[in-house]
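Beneath this line is the structure, given in structure tokens, with notes to follow.
Protein chains get the first letters and strands the later ones, always in sequence-line order, with residue 1 at the start of each. Basis for what follows: all heavy atoms, side chains included, without hydrogens, waters or symmetry-related copies. Treat the numbers as computed from the prediction; the structure is a model and nothing was measured.
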Number of protein chains: 2
Amino acid sequence: MSIGIAQQLGPSEGLGPIGLHVRKIIEERIVTNVFRPGERLSENDLAELLGVSRQPIREALIRLTEAGLVRVMPQRATIVTRISVARVNSARFLRAAVERAVVREAALQAKPHHIAQMRALIREQTTAIREGDHARFLALDDDLHRAFAVSMAHEGVWRTLQNVKLQMDRVRYLSLPDATPASRLIRQHAAIVDAIAARDPDAAEAMMQKHLEELLSSLPRLVARLPEYFDSSDVA
Amino acid sequence: MSIGIAQQLGPSEGLGPIGLHVRKIIEERIVTNVFRPGERLSENDLAELLGVSRQPIREALIRLTEAGLVRVMPQRATIVTRISVARVNSARFLRAAVERAVVREAALQAKPHHIAQMRALIREQTTAIREGDHARFLALDDDLHRAFAVSMAHEGVWRTLQNVKLQMDRVRYLSLPDATPASRLIRQHAAIVDAIAARDPDAAEAMMQKHLEELLSSLPRLVARLPEYFDSSDVA
DNA sequence: ATGGTCAATCTAGCCGACTAGTATGGGAGA
DNA sequence: TCTCCCATACTAGTCGGCTAGATTGACCAT
């Protein structure tokens, strides 16, 4: 563990099972590249770092294994998975297929108040960018995509996509320096909502596809620039 | 625990971590309705039943929680989730969106040897039905759907769908008595593969949609017949 | 008979210790 | 110098026990 900051969990912090809290902490550190691809995550070290026993740590690591952020090699080590280009592309394929279907259905079913809320979220995103608050921008991104699913009465679909999205989020975070400008992403969001409001499923679907493709546009450059973060075994 | 059969895990059975083995056992019993919706799954009882300590049991239950087959109420109980009609429909929506996109792409990319393998799997299904081997039929079903994903070079997509599919499988198992006849499902499979072989993405997509819709055709009857297995809180 | 309280008994959460399995590094032998 | 072997020091897996929290039901006061 190369992180020196010992962020202890305060007493009774979280109010739920510690394991869930630990999972969120580790997940966030992996997505934001604090724990780097390939890095070893010793259960003992994590336990000491967070001030709990190994049990909640193990629980968190099991959940992260299911999400594909971590890989356990029994009796040997637990490591942060390297980013697999094949896996990221599969994640994009899956997410694109689902979100296309979502906005298509949203174009048919969304009620006016749903559309109003989508527009409100886009306005908030504009504000967040003007204030340079990137974290808030990304959170609102989530909210908007969830709003699409809610507007067609299948919020569960969005929830299921979360683990898939994680794979893309890792890339997205690394891309931050040379990513698609936020203003462009906001225009795409607006175009999708406009298509939904206009009851135009084809346009909504097409815009969503384009939007999701652009999110990973810098992936090839990343692989070239940071090869040690990527899984060299995949055929790409 | 109302199950009297004490199926102990043999020594060194499984060869991997016991927790993974336990997960498979419990998962199968839930899907096949041995552990019924709403039933309490006490960690202590499961540990005694399977002849291991509570630790591997907990590990398995955590994984099953992620899959949505189990719900943990801290300090109170762990129960088999009741089947949520809303959740099953969301699962179908998601799976249909993805598998439509998969066969569409397969129609463009599948190589001859992929198509040959799909046809072989369908023949095996025919054999399995003739011999009355339903379990084998369902396993081959999985293999075929995986083959679709493999033929477009995104096996990862299929793997991600597994947990989603579990929600549908529970319904499917309960439907067995009055489900769509297997011969009809096989004809649909054949039609999908024919469309892929004919490089006709639209036809493949349409057939897949119809196929997935039929799998749950008996859901309304099930809810009426076995209301205690279903989550009454969802709006349906 | 009814309402409220508290002890007994459950649960899952959490912990410390031990085990089995794996890498590693140093030393003996060639 | 090189190779092999083994002691050592790790790892995650597993276990039994304890704890905090929740339910239950008997008992008591009214």
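For the pair B:Asp142 and B:Lys165, the salt-bridge criterion is met [side-chain N within less than 4.0 Å of a carboxylate O]. In summary, A:Glu28 and A:Lys24 do not engage in a salt bridge, as defined by a charged side-chain N under 4.0 Å from a carboxylate O. Between B:Arg92 and B:Glu213, none of the side-chain N atoms (NZ, or NE/NH1/NH2) sits under 4.0 Å from a carboxylate O, so this pair counts as no salt bridge. Using a cut-off of 4.0 Å between Lys/Arg side-chain N and Asp/Glu carboxylate O, B:Glu155 and B:Arg146 are scored as salt-bridged.
Residues of residues 59-70 of chain A having a heavy atom closer than 4.0 Å to DNA chain C: none are found.
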**Request:** Take B:Thr160 and A:Val164 through the test side-chain contact (heavy atoms from CB on, under 4.5 Å) and record every step on the way to the result.
**Result:** CA-CA 8 Å; B:Thr160 307; A:Val164 172; 3.6 Å; yes
**Request:** I would like to know whether A:Arg136 and A:Glu124 meet salt bridge (charged side-chain N to carboxylate O under 4.0 Å, His left out); could you show each step before the answer?
**Result:** CA-CA 9 Å; A:Arg136 178 156 176 68; A:Glu124 282 194 70; 2.3 Å; yes
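Along DNA chain D, read 5' to 3', the first and last nucleotides having any atom under 4.0 Å from a heavy atom of chain A are D:dT11 to D:dT14. For DNA chain C, the span of nucleotides reached by chain A at under 4.0 Å from its heavy atoms goes, 5' to 3', from C:dC14 to C:dA23.
Between A:Gln75 and A:Pro56, it is A:Pro56 whose nearest contact on DNA chain C lies nearer the 5' terminus. Nearer to the 5' terminus of DNA chain C, by closest-nucleotide assignment, is the contact made by A:Gly19 (compared with the other of A:Gly19 and A:Pro74). Comparing A:Met73 and A:Gln55 by the nucleotide of DNA chain D whose heavy atom lies nearest to each, the residue mapping closer to the 5' end is A:Met73.
Side chains of B:Tyr229 and B:Arg82: a donor-acceptor N/O pair is absent below 3.5 angstrom, by distance only. Judged by distance alone, the side chains of A:Thr81 and A:Arg170 do bring a donor and an acceptor atom under 3.5 Å apart.
The number of heavy atoms from other shown groups lying within 6.0 Å of CZ (B:Arg71) does not exceed 12.
Note: B:Phe35 CZ to B:Leu64 CG = 10.5 Å, rounded to the nearest 0.5 Å.
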